[in-house]
Amino acid sequence: MSSFRTSLVTAGTALAAALTVICAPAQAAGARVSTAHELPGDRVYPEGITADPRTGDLYAGSYANGAVFKMTPGRRVAETFLPAGADGRDTANGLEADREGRLWVTDSTSGVFVYDLRSRELLARFDVPGSAPRFVNDLAIAPDGDVYLTDSLRAVVYRVTSEQFEEAKGGIATLVPYVDLKGALDPRADGGFSLNGIVADPSGRFLLTADMVGGDLFRLDIASGAVRRVALRGGDMLHADGLELRQGTLWVVHNTDNAISRWHVARDGASAGVERRLTDTALELPTTLVRRHGTLYVVRSQFDKGGPLGGEGRPRIPFTIAAVRGM
């Protein structure tokens, strides 16, 4: 669900080994990839994206410097919403806009920052406890307003409740672990990547989060915290990054595969079957996506073009957000 910074030194080797290209199914018939928006700057390397549920505006974040960009319907070029390094953030990984007019922005090295979408004011900040390596990656907002965040190195999911947010307003608080998934994951080397994308079921019953290295999808019961592995048919979650869930349909980006898969999820979240898959180099190493009016808006990270994953060559400028239709 995601140059790597100091917090990733212990995980860099494991992540690079995990992110290898695999054979992918044929192109999904009728799917179309085009450019929706351009992001200003030549070292953006974007990662997260979200849509404001009130206005339809899109927001994308830069993994390279922490800037956040705002994209308005009808305007091709995005504006800078938060400048690089705002409030000491070195990165902007996951982004989520909530119905209260707030923008949640994860910084992989520290935690999550919460902004007012109208004034751009920093409302609160939640930091990861302890000094052990961490990589706060993606986040999801449940129907009751609680926020859940994945940590790709610690294999835990944090939760910020509405009450905790109110207590933290105007200051800094500590993220509280909600579920530890290390016991549910397949064995792997210490410091290896695991959890990435996460989504909340619209009914408020469960969360789904992907293990990008093991290729599994996990269901987390919101009421009890119980964890179960989702039974997958016709595919897996290998290299899964961002997720999008709407009315029983789950869209998944598979980053280094340059792919998007679409799944039908059972009502209880216990199983899921793949319906189709699009593989296209025009996705340029996608890291996440959001669906708006039947269109998937997909982040083209270009992480492999001299970015966080290294690699030869230079990124195509400007960095862009793709529009994918027919998926």
Side-chain angles (χ1 to χ4, degrees), residues 1-2 17-33 137-138 140 150 152 155 157 181 184-188 192-203 205-221 226-291 294-299 301 322-327:
M1 57 136 177
S2 1
L19 296 180
T20 54
V21 177
I22 62 171
C23 295
Q27 170 104 353
R32 305 180 306 281
V33 181
N137 202 326
D138 202 4
T150 57
S152 299
V157 173
L181 282 88
L185 301 176
D186 291 334
R188 66 201 59 193
F193 256 53
S194 57
L195 307 180
N196 199 324
I198 187 169
V199 288
D201 172 55
S203 72
R205 294 176 299 158
F206 60 85
L207 307 166
L208 297 174
T209 184
D211 174 7
M212 64 180 292
V213 175
D216 292 309
L217 185 68
F218 291 92
R219 180 194 189 277
L220 282 58
D221 186 87
V227 178
R228 65 185 295 181
R229 198 176 304 227
V230 177
L232 300 179
R233 301 184 306 275
D236 58 37
M237 295 289 156
L238 192 61
H239 308 155
D241 208 320
L243 313 177
E244 177 81 343
L245 179 63
R246 297 287 183 90
Q247 299 178 334
T249 299
L250 177 69
W251 291 269
V252 181
V253 295
H254 303 261
N255 46 37
T256 54
D257 299 336
N258 282 317
I260 301 171
S261 59
R262 190 184 78 191
W263 301 72
H264 174 73
V265 179
R267 291 185 63 184
D268 62 0
S271 62
V274 68
E275 295 180 327
R276 65 188 323 196
R277 181 172 171 125
L278 166 69
T279 302
D280 195 326
T281 56
L283 294 172
E284 298 180 335
L285 208 154
T287 48
T288 194
L289 75 172
V290 67
R291 185 172 173 85
T295 297
L296 296 174
Y297 293 93
V298 183
V299 175
S301 76
V324 178
R325 298 175 175 87
M327 276 293 291

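The analysis underlying the following values was restricted to heavy atoms, covering all of them including side chains, and did not include hydrogens, waters or symmetry mates. Numbering of residues begins at 1 and proceeds along the displayed sequence.
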So, for [X] and [Y], which heavy atoms are closest and what is the spacing to 0.1 Å?
X      : Y      : answer
Leu208 : Leu243 : O-CD1, 3.8 Å
Ser261 : His254 : OG-NE2, 2.7 Å
Asn137 : Ser152 : ND2-OG, 2.9 Å
Gly235 : Val274 : N-CG1, 4.1 Å
Gly197 : Thr150 : O-CG2, 4.5 Å
Pro286 : Asn258 : CD-OD1, 3.5 Å

Problem set entry | From CA spacing to verdict: side-chain contact (heavy atoms from CB on, under 4.5 Å), Met237, Asp216 | CA-CA 5 Å; Met237 295 289 156; Asp216 292 309; 5.9 Å; no
Looking at [atom1] of [X] and [atom2] of [Y], how far apart are the two atoms once the value is rounded to the nearest 0.5 Å?
X      : Y      : atom1 : atom2 : result
Asp138 : Leu195 : CG    : CG    : 10.5 Å
Arg262 : Leu278 : CZ    : CG    : 11.0 Å
Leu289 : Leu296 : CG    : CG    : 5.5 Å
Leu250 : His264 : CG    : NE2   : 11.5 Å
Arg32  : Thr295 : CZ    : OG1   : 8.5 Å

Problem set entry | Main-chain N/O of Gly269 paired to Arg228 side chain as donor or acceptor, under 3.5 Å | no
Exercise. Arg233 side chain to Ser271 main-chain N or O, any donor-acceptor pair under 3.5 Å?
Worked result: no
For this session: Check whether any side-chain heavy atom of Val213 sits under 4.5 Å from a side-chain heavy atom of Leu185, and report yes or no.
Result: no
For this session: May I ask you to test the Thr288-Ser301 pair for a side-chain heavy-atom distance under 4.5 Å?
Result: no
Problem set entry | Qualifying residues under side-chain contact (heavy atoms from CB on, under 4.5 Å), relative to Ala322, sequence neighbours excluded | Val33, Val298, Arg300
For this session: Identify, with sequence neighbours excluded, every residue that meets side-chain contact (heavy atoms from CB on, under 4.5 Å) alongside Arg246.
Result: Glu244, Trp251, Arg291
Problem set entry | Residues Asp257 and Arg277 bridged, charged N to O under 4.0 Å | yes
Exercise. Does the distance from a Lys or Arg side-chain N to an Asp or Glu carboxylate O, for Asp211 and Arg229, drop under 4.0 Å?
Worked result: no
For this session: Pick out which of Val230, Thr209, Val157 makes a side-chain contact (heavy atoms from CB on, under 4.5 Å) with Phe218.
Result: Thr209
Seminar exercise, completed: The residue among Thr249, Leu232, Leu245 that forms side-chain contact (heavy atoms from CB on, under 4.5 Å) with Trp263 is Leu232
